[in-house]
Q: 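Have a look at this one.
Letters A, B, ... are given to chains in the order of the sequence lines, protein chains preceding strands, and every chain is numbered from 1. Small disclaimer: the values here were computed from a predicted structure and weren't measured.
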Amino acid sequence: MSVYEYDAVIIGGGASGLTASLYLSSRGYKTALISKGDPVCCLSTGGIDVLNGSDSPFDLLAHLPEDHPYSLVGREALIEALSFFMEIMGHAGLPYVGEPGKNRQIITPIGTTKSTGLVPCTMADADLAEDGHLHVVSFKGIKDFYPSYITSRIKNSAFSVFDAKVATTLGIAARFEDDAFLDAFISWLHDLEIPHDRVALPAVLGIRDPVSVMEKISSATGRQVFEIPTLPPSIPGLRLFRALKRLLQAKGGHLYWGREVSSFESQAGRIEAVTLSTTGRPSRVEGKVFILSTGSFVSGGLFASRDWIRETVFGLPVFVPGERKDWFNTDFFAAGHAIEKAGIEVDGTFRPKLTKMDNLFACGSILAHSEILKYQCGHGLAISTGMAAAKMCEGMLS
Amino acid sequence: MIRTDVVIIGGGATGCGIARDLALRGVHHYLIEKGDFANGATGACHGLLHSGARYAVNDPEAARECISENAILRKIARKCVEVTGGLFVRLPGDSKKYRDTFLKSCEEVGISTEVLSASRALDLVPDLNPAIEEAVTVPDCSIDPFRLCMLNAFTSRHKGGGILIHHKVVDVIREKGRCVGIRVEDCSSSHIKEIRAKIIINASGAWGDAVARMGGSEVPMTLSKGSLIISNHRLTNMVINRLRPPSDGDIIVPNEAVCLAGTTSITVDDPDAVEVDPREVDIVAAQAEQMIPRFGATRIIRAYTGVRPLLKAESSDSRSISRGYRIIDHKNGMYSIMGGKLSTYRLMAEKTVDAVLGELGIKAHCRTAEIPLEGQEELSGYPLSKRLKNIDNIVCECELVDRDHVERVVNSLGTQYIGDIQHRTRLGMGPCQGGFCTYRALGIMQETGRMSPDDSIQTLRQFLQRRFRGIRPALWGDQLREEQLVESIYLGILNMGLKR
């Protein structure tokens with residue numbers, strides 16, 4: 001068995017685990033991030049939902065239930081976390097725009113709007129509050145984007161269809177990495193002589209550097225260009241994830257990607273190490289502190305059996321919202337299925353309750369009572385609890 | 001106003017069977033169905049072509065009809081029937097005495113059986129519970145009820161019959177006490193049509209009493225709810241029955257890539273207000289697991305429930321009520337065909353048409369037992385090789401349905417209903433249950449100009465709500481995980497949730 005030692009070991013490579021790892025490694029701690037694969041973050045819109053339902057997310061904070069993780073984070077720490085996020089994304093070449101205290105509206109693929117906090121700059125002009133005058137560009141055969149949903153709802157709008165010879169968002173985004181393809185696209189768009197000031201596309205403007213793709217199109221056509229997030233797999237979600245991962249590597253964080261924790265060791269109320277299964281020899285990863293950020297059901301941090309719910313790494317006690325028959329509302333669209341409350345309950349220091357592990361912390365959507373879909377607070381919660389848990393670790397390490 | 005000889009109300013197997021029978025005997029007719037074909041009990045059954053063995057002990061008459069129809073349908077409906085064969089398995093604790101009675105009864109009604117040792121049965125179905133005592137082979141088959149309805153309707157349409165699906169009967173027209181026609185409402189346009197006929201046949205299953213009452217009579221029925229679950233895998237190539245008296249969860253039927261397990265039997269009042277109770281899912285799953293242990297570890301992708309329209313009987317136990325059928329001449333121009341089951345639909349149609357033609361004074365022989373269903377050869381069965389041909393354009397990844405196929409169906413039917421596409425292509429029938437592809441299919445429908453973007457979103461909402469009804473009772477494990485992803489799409493990314 002190979003043995004590795006770290007200050008901090010983070011399990012789960014989604015937005016919360018990456019934020020926690022980034023914070024700790026930027027503070028000089030030797031950090032390891034273990035992830036069994038690409039996170040649920042890649043399925044998101046790429047926007048940072050902070051807390052929806054009003055123009056200002058902060059107005060709503062006070063009305064959240066006491067056991068909601070935001071109540072543990074607090075307003076100041078939330079602002080600090082979002083500012084930290086904006087700052088690092090600027091360094092990563094994928095700048096985000098928006099104000100932490102103000103929600104904005106972006107267009108959805110069905111032509112409605114959705115409220116969100118911060119957005120990647122490729123969606124900066126996706127605000128419908130402005131006058132219509134919109135030209136939507138779609139791609140031939142694309143599966144997850146139907147422009148007439150949008151143009152039917154917006155005055156002074158029209159759409160055109162470009163043949164990219166592939167039908168998936170990922171395939172089209174990959175083609176935008178190619179300069180010859182981009183040039184052909186730009187010349188096609190230029191020849192359309194569209195009368196509108198703004199051009200909207202599904203979010204496929206390349207994977208590595210969408211900002212320069214967007215700027216090239218914009219300057220060649222003299223039109224404002226913006227992206228509309230699509231269904232999973234989502235390119236803006238993938239870009240966000242990759243940018244955070246690149247940043248962490250640049251800061252010297254150690255990644256164990258595609259690896260799963262198979263067992264752990266604890267002694268005298270402390271986690272000593274986790275063991276990672278591999279096809280070769282297993283690795284023992286030792287740490288002074290551990291953060292659990294494995295997410296909820298979709299990412300596999302929680303698993304529901306017919307009548308119980310299990311936390312999959314440490315077997316921590318899980319808050320279970322009643323009997324199975326009550327986990328879901330009968331109305332699919334009603335806000336807040338009870339199952340969204342399932343998760344790990346933590347105390348004010350982000351340590352799981354009912355476990356006597358002094359050096360174990362939890363953050364992100366695995367936290368109980370987060371009700372992410374009800375409050376539309378996914379990435380905001382991930383980033384702020386990730387940072388909060390990391391700060392608790394910092395306090396312990398220093 | 002439309003004039004015809006016979007109007008059939010109900011597009012289940014019986015109604016469609018009657019339409020074909022009339023068509024082959026040269027009688028003009030109209031068939032009215034408020035939903036799509038197989039909307040009621042036909043589409044909510046387990047797709048079993050009975051050998052009759054299940055009824056041999058308690059209901060030998062029904063068993064005789066089953067085995068005889070079983071042989072006929074194998075011949076005339078080759079593309080709807082998969083000749084799987086069936087097993088009755090006896091588990092430890094199941095009565096050996098019942099097994100003896102069962103074998104004797106099967107022999108008496110002419111159902112061929114063979115007793116197999118546990119190891120021979122396990123050779124045939126390796127995932128069977130290795131603890132079984134023994135198994136008995138029977139000629140059970142798997143049958144596609146939807147395809148069966150469509151093919152019967154195909155003949156009717158081909159021979160000049162009128163078929164109106166998504167049309168609801170709102171009124172039976174009576175003159176001097178006699179039913180002389182009906183008024184139907186087009187469910188998409190609310191437009192009312194009047195159809196005049198010499199005879200009205202009520203083949204509306206669980207809704208039979210309501211239709212009969214519109215005509216001024218009634219049919220006493222007992223409605224029995226039966227719930228089933230669908231597994232993500234085809235765990236057996238044979239139909240598996242439990243060798244014991246009929247009870248909950250005693251059958252598993254393979255169907256294409258999945259298995260259906262059922263059923264429960266609960267008496268209900270209103271056929272429009274039935275839901276699967278999560279406890280029924282647990283009962284059926286636990287029983288299925290006893291016969292095939294791997295069933296317990298397999299994803300349940302959906303649960304559904306149908307209402308058996310049984311003949312009214314004194315007994316309060318709906319399982320002991322005969323599965324036989326009855327033709328009621330209301331003596332007012334309306335006939336009701338009640339009870340029965342999918343396996344004997346053709347026989348029920350034949351007897352009904354015989355009775356109706358007797359009144360009309362038409363002499364024509366029934367030929368449905370000899371002539372294979374028309375249009376079968378065009379049904380490809382949609383083999384994998386065909387599905388993979390257009391791999392770059394797959395719209396439904398679970399069932400490999402490509403965009404061209406969806407467009408063809410949309411254009412040929414001119415349909416406004418997503419169910420029409422699902423039943424014809426298998427779109428949305430896989431593990432995600434349409435969570436990803438229905439949005440796409442509706443996008444394609446509105447791009448072809450068949451429906452407006454607003455209608456398309458409205459249809460999507462209705463679909464998601466209906467889909468959730470089927471999924472909700474069986475949410476745990478990987479299916480719960482997938483459901484959370486689907487929720488994140490519609491309630492998160494597309495923001496379709498109700499405001500809190």
Side-chain angles (χ1 to χ4, degrees), chain A residues 40 43-45 49 52-53 108-115 141 143-153 165-168 171 229-232 234 296-300 302-307 323-325 327-337 339-340 372-376 378, chain B residues 275 277-279 281-282 285-286 296 300 392-395 397 403 436-437 439-440 442-447 449 452-454 456-457 460-461 464-469 471-500:
Chain A
V40 167
L43 308 176
S44 74
T45 60
D49 290 353
N52 292 347
T108 73
I110 53 172
T112 53
T113 56
K114 171 187 157 47
S115 178
K143 292 181 204 185
D144 288 320
F145 191 76
Y146 299 90
S148 43
Y149 280 132
I150 298 165
T151 52
S152 70
R153 287 169 196 262
K165 312 275 189 229
V166 274
T168 61
T230 61
L231 270 58
S234 148
S296 182
F297 297 101
V298 177
S299 50
L302 299 176
F303 183 84
S305 164
R306 262 185 232 176
D307 36 28
E323 290 177 57
R324 192 180 97 224
K325 67 178 173 50
W327 287 353
F328 289 88
N329 298 330
T330 48
D331 184 343
F332 178 77
F333 298 102
H337 296 289
I339 193 72
E340 280 203 84
I372 283 169
L373 282 173
K374 177 176 173 181
Y375 295 114
Q376 309 260 305
Chain B
E275 296 278 348
D277 186 319
R279 281 168 296 196
V281 172
D282 290 345
I300 307 299
D392 291 337
N393 255 322
I394 298 290
V395 174
E397 280 95 358
R403 188 185 182 111
F436 288 82
C437 55
Y439 162 75
R440 296 170 180 163
L442 285 166
I444 293 168
M445 272 165 99
Q446 60 103 359
E447 276 194 349
S452 72
D454 278 348
S456 157
I457 297 297
L460 181 61
R461 290 194 84 91
L464 289 167
Q465 197 71 279
R466 207 170 56 239
R467 166 188 180 278
F468 193 59
R469 271 180 62 191
I471 285 185
R472 187 181 173 272
L475 281 178
W476 67 83
D478 283 337
Q479 199 62 13
L480 182 143
R481 196 175 167 200
E482 175 127 26
E483 187 56 21
Q484 293 260 286
L485 175 60
V486 169
E487 282 177 8
S488 77
I489 294 173
Y490 294 100
L491 307 181
I493 297 170
L494 298 181
N495 195 25
M496 291 170 76
L498 301 171
K499 300 294 163 267
R500 61 174 191 275

Q: Between Ala167(A), Pro232(A), Gly378(A), which residue shows the highest count of heavy-atom pairs closer than 4.5 Å to chain B?
A: Pro232(A)
Q: What part of Glu482(B) is in contact with chain A, defined as an atom under 4.5 angstrom from a non-hydrogen atom: side chain, backbone, both or neither?
A: neither
Q: Nearest 0.5 angstrom please: Trp327(A) CH2 to Trp476(B) CH2, how far?
A: 10.0 Å
Q: Tell me, out of Pro109(A), Pro229(A), Ser234(A), who's got the most heavy-atom pairs with chain B below 4.5 Å.
A: Pro109(A)
Q: Check Arg279(B) with Glu323(A), please: is the shortest side-chain N to carboxylate O separation under 4.0 Å?
A: no
Q: Given the options Ile394(B), Leu460(B), Asp454(B), which has more heavy-atom pairs under 4.5 Å with chain A than any of the others?
A: Ile394(B)
Q: Asn329(A) vs Phe468(B), test: side chain to side chain contact (heavy atoms under 4.5 Å, CB included). Steps then yes/no.
A: CA-CA 10 Å; Asn329(A) 298 330; Phe468(B) 193 59; 5.5 Å; no
Q: Where does the angle between the aromatic ring planes of Phe332(A) and His337(A) fall among parallel (under 30°), tilted (30 to 60°) and perpendicular (over 60°)?
A: tilted
Q: Looking at Gln465(B), Gln484(B), Glu447(B), which has the largest count of heavy-atom pairs under 4.5 Å with chain A?
A: Gln465(B)
Q: Do you know which of Asp282(B), Leu442(B), Asp392(B), Leu494(B) has the most heavy-atom pairs with chain A at a distance under 4.5 angstrom?
A: Leu494(B)
Q: Checking heavy atoms, do the side chain of Arg403(B), its backbone, both or neither come under 4.5 Å from chain A?
A: side chain
Q: Do Gln446(B) and Ser148(A) pair up side chain to side chain, a donor and an acceptor below 3.5 Å, judged on atom types alone?
A: yes
Q: Could you look at Ile471(B) and say if it's the side chain, the backbone, both or neither that has a heavy atom under 4.5 Å from chain A?
A: neither
Q: Assess whether side-chain hydrogen bond (donor to acceptor under 3.5 Å, both in side chains) is satisfied between Tyr149(A) and Thr108(A), documenting all intermediate values.
A: CA-CA 9 Å; Tyr149(A) 280 132; Thr108(A) 73; over 6 Å; no
Q: Heavy-atom distance under 4.5 Å to chain A: side chain of Leu491(B), backbone, both or neither?
A: both
Q: Over all heavy atoms of both residues, which pair between Gly477(B) and Phe303(A) is shortest? Give the atoms and the distance, please.
A: CA-CZ, 3.6 Å
Q: Is it the side chain or the backbone of Arg469(B) that comes within 4.5 Å of chain A heavy atoms, both, or neither?
A: neither
Q: Using a strict 4.0 Å threshold on nitrogen-to-oxygen distance, state whether Arg467(B) and Glu483(B) make a salt bridge.
A: yes
Q: Side chain from CB out, backbone as N, CA, C, O: work out which of these in Ile372(A) comes under 4.5 Å of a heavy atom of chain B, or both, or neither.
A: neither
Q: Given a strict heavy-atom distance threshold of 4.5 Å, which part of Leu480(B) is in contact with chain A: side chain, backbone, both, or neither?
A: side chain
Q: I'd like to know if Lys325(A) and Asp277(B) make a salt bridge, using a cut-off of under 4.0 Å between side-chain N and carboxylate O.
A: no
Q: Determine the minimum heavy-atom distance between Pro278(B) and Arg324(A), stating which atoms define it.
A: O-NH2, 3.6 Å
Q: Non-hydrogen atoms of chain A under 4.5 Å away: do they reach the side chain of Gln479(B), the backbone, both or neither?
A: neither
Q: Of all of Thr45(A), Asp331(A), Asp49(A), Asp307(A), which one pairs up most often with chain B through heavy atoms under 4.5 Å apart?
A: Asp331(A)
Q: Identify which of Asn393(B), Leu464(B), Val395(B) forms the greatest number of heavy-atom pairs closer than 4.5 Å to chain A.
A: Leu464(B)
Q: At a 4.5 Å cut-off on heavy atoms, which part of Asp478(B) comes close to chain A: side chain, backbone, both, or neither?
A: both
